[in-house]
Structures are given as structure tokens and as C-alpha cells.
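Since the model is a prediction, treat every value here as computed from it, not as a measurement. Each chain gets a letter, A, B and so on, in the order its sequence line appears, and its residues count up from 1.
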Amino acid sequence: QKEVEQNSGPLSVPEGAIASLNCTYSDRVSQSFFWYRQYSGKSPELIMSIYSNGDKEDGRFTAQLNKASQYVSLLIRDSQPSDSATYLCAVNQGGSEKLVFGKGTKLTVNP
Amino acid sequence: GAVVSQHPSWVICKSGTSVKIECRSLDFQATTMFWYRQFPKQSLMLMATSNEGSKATYEQGVEKDKFLINHASLTLSTLTVTSAHPEDSSFYICSARGILSPLHFGNGTRLTVT
């Protein structure tokens with residue numbers, strides 16, 4: 001079973017700070033990486049996708065991918081209380097459309 | 001953007017009965033849809049891959065005769081939980097993707113079996 005590992009948290013940061021979320025994966029042939037945000041009782045919502053090494057920025061969010069280290073991260077700048085949620089890292093199972101999810105990191109942004 | 005609609009959003013049923021959950025892609029055609037299950041404080045676990053016009057592919061440990069999947073058109077997949085038991089109570093989420101687009105999720109169905 002291919003695995004995706006995340007620190008379950010909870011991670012607490014003050015409003016306006018940078019929140020850093022990390023994820024490692026075991027399947028070396030994975031090519032697609034995603035970060036989803038899930039509010040309690042709700043379905044996951046796509047935040048970022050990244051496919052190549054390096055950084056990808058979208059507004060306050062930056063995804064970072066290092067395939068050699070099998071590591072993907074998400075940075076949230078200027079964190080807001082509304083960012084408080086569980087963030088799920090998802091990685092495609094090599095050669096297929098299936099996504100394997102981590103258990104998620106719960107983020108709390110304190111006003 | 002792509003939208004995936006799931007219905008119902010919640011359902012309560014008695015043990016032994018069957019429940020059908022619908023998943024629709026509203027503005028794109030999805031040849032493949034995925035069904036996930038999420039228990040409290042757990043991650044999403046893939047149950048099966050639904051392929052339009054063919055049999056679904058089930059993940060290891062998922063009973064195909066209990067969780068019936070039908071993908072009759074390019075925009076609709078259904079999951080039927082047959083002879084439901086309290087241990088089937090969970091959050092069921094479908095997802096779909098169009099060509100060259102990431103996976104999008106439906107709003108999920110909270111199933112409670114009493």
C-alpha cells in the first residue's frame with residue numbers, strides 16, 4: 001500500500017503568520033500532487049495542484065515539491081482564522097488516476 | 001469551474017435497508033468517478049473506481065456485493081449500500097474529473113444507520 005504521511009497536528013499559528021504544512025509520500029513514480037482543505041463535516045476542496053519540482057504560488061498559498069526527497073509542502077502566508085481547517089495531502093498512485101490521501105493536518109489560526 | 005453534485009447530503013436509515021447515493025458531474029463528462037468513505041478523524045479511503053459503461057473496480061477489502069456501483073452515463077454514478085448496518089455509518093464522498101482537470105469532490109453524504 002502506497003503511503004502518504006502528514007503530521008496530524010494540531011498546528012496552531014497566530015493570525016497573519018505563515019503556516020507550513022508538510023507531506024511525504026512513498027510512491028516514487030507519483031506525478032501529481034494535491035492539497036485539499038476540508039472543513040469539519042464538509043467535503044474536501046482543492047487548494048493547489050503541483051506536478052513539477054519547485055514552487056507554485058497562488059495567492060497566499062505556495063506549494064513546494066521535491067520529488068527526489070518525496071516531499072511536498074504547503075505554505076499559507078498571512079494566515080486568517082478562516083483558514084482553520086484540516087489540510088489533506090493527496091498523491092496519485094503511480095500510473096493511475098487514483099489518489100492516496102494523507103490523514104490530514106488540522107490547522108488552527110488564532111485571531 | 002467543474003462542479004460535482006452529490007445527493008442526498010445526509011440520510012438516516014434502519015439496519016437492513018438499502019440506501020442509494022447519486023453523484024453527478026454538472027458541467028463536464030466524467031468517464032471515471034471515484035467513491036470514497038471517511039470515518040471520523042480519518043482520511044479518505046478509496047472504495048471503488050466507477051467506469052462509465054463497465055463494471056466498477058473495487059479496492060481490496062471493499063465488498064462489491066454490498067456496495068453496488070452503477071455508472072450508466074457520463075454524468076451520473078450511483079452507490080447503493082445494501083443491507084446497511086450501523087458500522088456502515090460514515091461520510092461517503094464521490095469525486096470526478098474531466099479531461100485535463102484535477103479531481104473535484106461532491107459535497108458528501110452523511111449516512112447514519114440505526
Side-chain angles (χ1 to χ4, degrees), chain A residues 1-10 21 23-27 30-52 56 58 61 63 65 72 74 85-108, chain B residues 1-10 21 23-25 30-52 56-62 71 77 89-112:
Chain A
Q1 173 67 32
K2 305 300 181 182
E3 296 182 346
V4 177
E5 299 288 341
Q6 292 181 255
N7 187 327
S8 62
L21 305 163
C23 173
T24 59
Y25 60 94
S26 64
D27 188 353
S30 295
Q31 296 295 322
S32 304
F33 308 86
F34 306 90
W35 283 99
Y36 286 85
R37 177 175 63 196
Q38 186 176 27
Y39 293 111
S40 182
K42 301 295 184 182
S43 191
E45 171 192 10
L46 181 65
I47 297 296
M48 291 281 287
S49 59
I50 188 166
Y51 305 98
S52 55
K56 179 182 178 182
D58 183 0
F61 299 95
L65 175 62
V72 59
L74 179 69
T86 296
Y87 288 80
L88 301 171
C89 173
V91 177
N92 83 299
Q93 192 168 320
S96 76
E97 292 184 294
K98 296 180 183 179
L99 287 187
V100 179
F101 284 83
K103 290 187 176 181
T105 298
K106 185 174 182 179
L107 171 67
T108 300
Chain B
V3 177
V4 176
S5 174
Q6 191 171 338
H7 177 81
S9 56
W10 61 270
I21 303 169
C23 179
R24 295 180 184 273
S25 56
T31 55
T32 304
M33 293 184 175
F34 302 91
W35 287 96
Y36 290 84
R37 180 168 54 183
Q38 186 178 35
F39 291 106
K41 299 185 179 181
Q42 299 294 315
S43 190
L44 280 74
M45 295 301 295
L46 180 65
M47 298 176 66
T49 302
S50 172
N51 304 296
E52 188 268 335
T57 303
Y58 290 82
E59 295 300 303
Q60 191 173 11
V62 178
H71 194 155
S77 176
S89 299
S90 187
F91 191 44
Y92 291 86
I93 312 172
C94 73
S95 64
R97 61 180 295 176
I99 297 174
L100 300 180
S101 70
L103 202 63
H104 288 273
F105 287 88
N107 288 329
T109 297
R110 179 77 57 190
L111 171 63
T112 302

>> Could you check whether any side-chain N or O of D27(A) sits under 3.5 Å from a backbone N or O of Q93(A), counting only pairs where one atom can act as donor and the other as acceptor?
In response: no
>> Side chains of S26(A) and E3(A) only: does a donor on one sit below 3.5 Å from an acceptor on the other?
In response: no
> Counting only N and O atoms by type, is there a donor-acceptor contact under 3.5 Å from the side chain of T105(A) to the main-chain atoms of Y87(A)?
Replying inline: no
>> Using heavy-atom distances under 4.5 Å, tell me whether S95(B) contacts chain A through its side chain, its backbone, both, or neither.
In response: neither
>> Please check: side-chain N/O of E45(A) versus main-chain N/O of R37(A), any donor-acceptor pairing under 3.5 Å?
In response: no
> Between K103(A) and chain B, which part of the residue has a heavy atom less than 4.5 Å away: side chain, backbone, both or neither?
Replying inline: both
> Which bit of L44(B) comes within less than 4.5 Å of chain A, counting heavy atoms only: side chain, backbone, both or neither?
Replying inline: both
>> Under 4.5 Å from any heavy atom of chain A, what part of Q38(B) do you find: side chain, backbone, both or neither?
In response: side chain
> For chain B, which of G102(A), S49(A), S40(A), P44(A) has the most heavy-atom pairs under 4.5 Å?
Replying inline: P44(A)
> Would a distance-only check, ignoring hydrogens and angles, find a side-chain to backbone donor-acceptor pair under 3.5 Å from H7(B) to R24(B)?
Replying inline: no
>> I need the residue from S9(B), G108(B), G106(B) with the largest number of non-hydrogen atom pairs under 4.5 Å to chain A.
In response: G106(B)
